[in-house]
Each structure stands twice: as C-alpha cells, then as structure tokens.
Amino acid sequence: VLLHDEVKQAFTEHRSVVCHDAKPFMRSLMADGIDLSFLTLDTAIAAYLINPSKSSYSLASVCGEFLGAEPTGSMESDGTFDFGGTDISAQSCAEAAVFVSRLAPVVLAGLADIHNESLYADIENPLVHVLAKMESAGIAVDTAALLSIKDRLTAETQELTQLLHSIAGKTFNVNSPTQLREILYTDRGLAPGKKTKTGFSTDAATLEKLHDQWPEFIGPLLRYREVEKLRSTYGEGLLHEIAPDGRIHATFNQTVARTGRLSSDQPNLHNIPVRSDEGKVFRTAFVAPKGCSLLVADYNQIELRCIAHLANDPGLISAFAAGEDIHNATAARVFGVALGEVTADQRSKAKMVSYGLAYGMEAYGLSQRLSIGVDEASVILKAYFEAFPNVKKYMDDAIVEARRTGYTETLFGRRRQIPELLSDNFRVRQAGERQAMNAAIQGLAADIFKIALVRIDKLLTEKDFLSRVVLQVHDEVIVEVPDSEKEVVGPLILDTMRGAADLSVPFEVNAAWGDTWASAKG
DNA sequence: TTGATCAGCGCGT
DNA sequence: CTACGTGCTGATCAA
C-alpha cells in the first residue's frame, strides 16, 4: 500500500472511519504497521445484516440496492487503495469514497429499522478487526509433514488407478463420474441405483449398495475416492496456500453464510478432516511454533443447547443442567428406560435425532441415516417429540412466525428473510420451512460464538498477552499460546467462552493443549 | 485452445 | 426426502 503520511495519520488517528469491506484494507494497513482501530461502520456488513441472503455485497451491488446508482469506475474490490497509481485509479477510489459516504446514512437507517444497531456495534463491527488480526497471524504449518502426507497419498492413488484399470479391462479417468457410469452400468451392466440430472449416480452411498455386485472393483474404487479427495483437496490444496512465512493465512468471510456463521476460504480451514484417522493426520501439519502450544477450545453441543433454551423444554434443560450425557438422557426419555439402561443402539438413534433436529429432518431422512425403515424412524421421531413436546412446539411456531413476518430472527436480532415460505412449489416451501427452523438455532450459536471471539481478543489485547487467536471453526477456537502464558490464558479463554451468553442452560467448553491441532484434539 | 460455468462429489460444523 | 459452507475434478459451451 502506498500511503502519504497524512493519509496514514488519518487512518490511525481519526476516531471514525467508514469503509465498504474494511477487512482486506485493514490487513494491508497492518502489513505496513498501521492499525485501523477506529472503524465505526462497514457498509458491506451492514448491508449483510439487513439481508444476509444476497450473492454479492460488492460496493456496486450494495449501492445499486440502497442508492439506486452505482459507481461508474472500476474500483478494485480487494481493498487496494493505491494513490500512487494512474489518475484513473485515483479517480475511481475517490468516486468509491463518495458512494460509501452516501451509503453510510442509508444503511445505518436500515440497521435502525430492524433494531440491529447493537448487533452491529457490539458484535459485527468489532469482529472485523478481530478477524483481520486472525487472518494476518495465520496458523503455522509443518510443510515437510504435509509434503510427506501428500506423497504417501499420491503413491496410493497411483496404485489404485492401475488396479482399477486392469480390473475394468481398459484405461479410464477414475475421477470422471461420466466414464465411471459407462464402466459400471454399460460395460458391466450393474443394476443402477439413484439418478442424477445427467445420469445414474456414482456417489459413495450408491456404490455401497452396488458393492456386492462387483466387490473387487467397487471396493478399490471407494478407497480411491477417499484417498484422492484427501490428496487433491488437502494435500495439494493446502500446500499451495502456505505463505512465505510458513503459515496459512485463510480468509474468514463475514458476509457469506446466510445464518450468520463465518465462512473460510483460500483455503477453507473449516473442513479439514477429523472423522477418519487417515484424514485426521492433516491436522498434525497445523502446528504451534517453538515455545508455544495450541489451545483448542470448543463448545460442547452448542446448537442443542440453543434449542433447549429457545424451546424452553424442561426435559432438555434439566438434562443439560445436570451435566448428563445428553444423548444418553435423550434416549432414556425417548425409549422410556432408566438412564443406566440405555443401550448403545438407543443412544446412537437418539444422537442422530438430536443432530437432525436443527435441520428439520423428517422420518425419511432419519431412516436413511440409521439404515432403518421409514416406519420405524417415524415411531422414533414421534416418541422424541412426545418426550420433548416444547421442542416440537418451538419448531412449529418458528415456521408460523417466519411465514407471518417473512423472516426469522435470532435472540440477538439477526434476521434472515425466507421468501421460499410463500412459494407455489411444495418442495421449495418445505425447504423454506426447514430453513426457518434452522436459522434461529444455527444463527444463535453463531452469535454466541462471535461474542466469545470478540471478548477473547479483547482480553488478550488489553492485558498485553502474546497469545493470539489463529483459527476458528464454527464452535471451536484455536489459540497460539506462549508456554509462559498457558496457565493464565487457558482458564481465561474457557471462562470467556462459557460466559458469552446467559441462556437457561449452561455452556460446556472442552479444551485441550497440544503441539499440533491433531494432538490437541485428543 | 482457453476461460467461464455447471454438475457431481465429499470434507467440516 | 436435513441446515450451512469451500473446493476439487471433469464436462460443456462460448469466445
């Protein structure tokens, strides 16, 4: 960034800066040692709070919506503010600035209309700076470890490709669903499963069903899919994103997810594998630098706790209050047995119902997840809602209210319009109903997490700790902590997370220390 | 031939 | 026929 001293001074000292999409700009200033700490309004984020479902919050599109006019120049949307460039770039920057200043009072009025002033001022606005610091810090990566993981996976995909070609009797692109369809359904003549738009499906669930018809091919094929996914997305993908400082600086988007969650890209650090042991090894490549440890702290069952609170369901609330194993307690109520007599099967069914709850899952979906009949799934669901009647009522009310007003709202006032509820199309309308059930729940969890994140940063900054937040994953925060600060910072962070909001159920936060993200995850 | 976009797939919370 | 995301690969189409 090329900045005149006067401009630098203005950004450092001016008590009120208004920006459209401030974070990239903030980051480039940070790289120059300038801290833009007096952001008072980010018009892109304000526009997002007013309507979180838009596909773009570019200056042009937001101006088009709120002002009915767009800047004519081609201002860069990456936050570059290059006064050393040509006249044209200076011109378009100036024009953009004028538009932002016109936009500001309009979006502020919009926030006021929907009573989002404090959601903006207390949560979203301070979060911009927190995220800028997080992105700027990045997370340390052990490049050698990542390379060796990738090499091992590459070797296996090559072997599997050879094997699959020889079994099929010809060479083909294993990554191509089209070519795969030909082999499976035309050459081999397998009985096809479900269809996609373009032909018969070759996804994992379908292949599992076909497995017994041609095990010597489908077995290795499933294995190939698994390994190739890890190799390409996480092996190659992550290696490309390692910056010269040996760290990965992902972007955390604040105006993408319609529920209020953050999203991550370049790279997406929200979907690093954890379920399979083989995928999990990628987490060993995310490390603490010398002299530091990683603290990984995550909320336990935050969405289910949000449901308990929102539905004000006595059964759920008392189970959480007593600190019971929630799936065990749920199973006991649903199947009408004592806490000590819940079988593993009952517990896992209850767990699946609880997970599906926030998504508006119905009997069919549950039957698929549990590999049971629709009738049995329907009995379980019915039993669940009889055991937790307030939950059922809450879900029904959420839909009715959203249909009446046209939007859902979280406890903190975050809105999401759901026009699908008025659709003539039955499927679309049903999807809208599921969104209406989910939005207040997922959104509340997001609100709470954002509050925790802002407060964690505040306490670390104000007390001059060297510890810094380096990553967040929806309900989990990863903090890089110098060994000398571990004893003090650990408890502070846990307390902050537990105290982020005052619901009718307590929050439980799991924490672990480690040299890598994997070891810290237990 | 190249770039943009869609479709299919699978990873996470 | 469960919500919300990102991104890889191949297929398809326009320039």
Side-chain angles (χ1 to χ4, degrees), chain A residues 52-53 157 172-181 194-207 221-222 224-238 240-241 250-253 255-276 278-280 282-283 298-304 307 352-370 374 377-378 381 395 398 408 416 418 420 426-427 430-443 445-446 449 471-476 521:
Chain A
S53 303
T157 55
F172 66 101
N173 188 336
V174 190
N175 286 330
S176 163
T178 314
Q179 294 179 37
L180 219 40
R181 269 195 285 263
K194 67 177 176 183
K195 277 182 291 195
T196 68
K197 283 179 187 176
T198 52
F200 296 116
S201 175
T202 68
D203 68 12
T206 305
L207 293 178
L221 175 58
L222 286 166
Y224 174 90
R225 281 267 178 83
E226 193 179 343
V227 177
E228 170 62 9
K229 169 78 179 183
L230 296 174
R231 185 201 65 79
S232 63
T233 302
Y234 302 105
E236 297 286 353
L238 291 175
H240 280 116
E241 300 292 346
T251 304
F252 295 97
N253 303 301
T255 59
V256 171
R258 285 170 291 200
T259 51
R261 273 187 176 179
L262 298 173
S263 76
S264 160
D265 63 10
Q266 288 185 313
N268 180 2
L269 295 183
H270 285 167
N271 70 343
I272 304 302
V274 68
R275 289 174 195 182
S276 73
E278 226 168 358
K280 208 167 169 178
F282 282 101
R283 296 187 176 221
D298 69 293
Y299 283 107
N300 180 6
Q301 298 291 343
I302 190 167
E303 287 196 0
L304 205 45
I307 292 174
M352 205 54 78
V353 174
S354 294
Y355 274 115
L357 207 57
Y359 308 147
M361 186 167 68
E362 289 175 28
Y364 177 85
L366 185 64
S367 72
Q368 293 294 300
R369 292 301 299 223
L370 292 173
V374 179
S378 150
L381 271 180
M395 297 293 180
T408 66
R416 173 176 173 186
I418 309 197
E420 288 87 345
F426 172 74
R427 291 213 172 285
Q430 267 202 331
E433 291 176 358
R434 291 192 294 270
Q435 291 165 4
M437 290 188 266
N438 177 262
I441 299 164
Q442 195 179 113
F449 187 82
L471 190 58
Q472 71 79 222
V473 192
H474 304 310
D475 62 0
E476 166 180 348
K521 193 68 183 182

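No hydrogens, no waters, no symmetry mates; every other heavy atom, side chains included, goes into these values. Quick note on labels: first sequence line is chain A, next is B, and so on, each numbered from 1.
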Q: Look at Gln368(A) and dC1(C) and indicate whether a side-chain polar atom (N or O) is within less than 4.0 Å of OP1 or OP2.
A: no
Q: Does a nitrogen or oxygen in the side chain of Asn271(A) sit under 4.0 Å from OP1 or OP2 of dT6(C)?
A: no
Q: Heavy atoms from C-beta onward define the side chain here; which of dA11(C), dC4(C), dC9(B) lies closest to that of Asp203(A)?
A: dC9(B)
Q: For Glu303(A), enumerate each residue passing the salt bridge (charged side-chain N to carboxylate O under 4.0 Å, His left out) test, keeping only those at least two apart in sequence or located in another chain.
A: Arg261(A)
Q: From CZ of Arg258(A) over to C1' of dT6(C), roughly how many Å is that when rounded to an integer?
A: 14 Å
Q: What is the distance from CD1 of Ile418(A) to C1' of dC4(C), rounded to the nearest Å?
A: 12 Å
Q: Mind calculating the distance between CG (Leu304(A)) and P (dT13(B)) to the nearest angstrom?
A: 16 Å
Q: Could you tell me the separation between the CG atom of Leu180(A) and the C1' atom of dC9(B), rounded to a whole number of Å?
A: 11 Å
Q: To the nearest Å, how far apart are His270(A) NE2 and dG5(C) P?
A: 13 Å
Q: With under 30° as parallel and over 60° as perpendicular, where do the rings of Tyr299(A) and Phe449(A) fit, or are they tilted in between?
A: perpendicular
Q: Among Val174(A), Leu230(A), Leu207(A), exactly one meets side chain to side chain contact (heavy atoms under 4.5 Å, CB included) together with Arg225(A). Which residue is that?
A: Leu207(A)
Q: For DNA chain C, what dot-bracket results from Watson-Crick or G-U pairs at under 3.5 Å, with [ ] for crossers and | for inter-strand partners?
A: ..|||.|||||||||
Q: Any idea which of dC4(C), dT13(B), dG8(B) is nearest the Lys197(A) side chain?
A: dG8(B)
Q: Below 4.0 angstrom from OP1 or OP2 of dC1(C), is there any side-chain N or O of Arg434(A)?
A: no
Q: Can you establish whether the number of heavy atoms outside Arg181(A) located under 6.0 Å from its atom CZ is more than 12?
A: yes
Q: Considering just the side-chain nitrogens and oxygens of Thr196(A), establish if one lies under 4.0 Å of OP1 or OP2 belonging to dG8(B).
A: yes
Q: Counting side-chain heavy atoms from CB outward, which of dC11(B), dC4(C), dA7(B) is closest to Thr198(A)?
A: dA7(B)
Q: When we call it a touch if two heavy atoms are under 4.0 Å apart, what does Ile272(A) touch: a base, just sugar-phosphate, or nothing?
A: sugar-phosphate
Q: Can you tell me if the side-chain N/O atoms of Asn173(A) get under 4.0 Å from OP1 or OP2 in dG10(C)?
A: yes
Q: Using only atom types and a distance under 3.5 Å, with no angle test, would you say the side chain of Arg283(A) pairs donor to acceptor with the backbone of Ile272(A)?
A: yes
Q: Phosphate oxygens OP1/OP2 of dT13(B): is one of them under 4.0 Å from a side-chain N or O of Arg275(A)?
A: yes
Q: Please give, in whole Å, the distance from dG10(C) P to Glu228(A) CD?
A: 8 Å
Q: What is the separation between atom CD1 on Ile441(A) and atom C1' on dT13(B), rounded to the nearest whole Å?
A: 14 Å
Q: Between dT6(C) and Ser263(A), is there an OP1 or OP2 to side-chain N/O distance shorter than 4.0 Å?
A: yes
Q: Looking only at side-chain N and O atoms, does Ser367(A) come under 4.0 Å of OP1 or OP2 in dC1(C)?
A: no
Q: Does dT13(B) have its OP1 or OP2 closer than 4.0 Å to a side-chain nitrogen or oxygen of Gln472(A)?
A: no
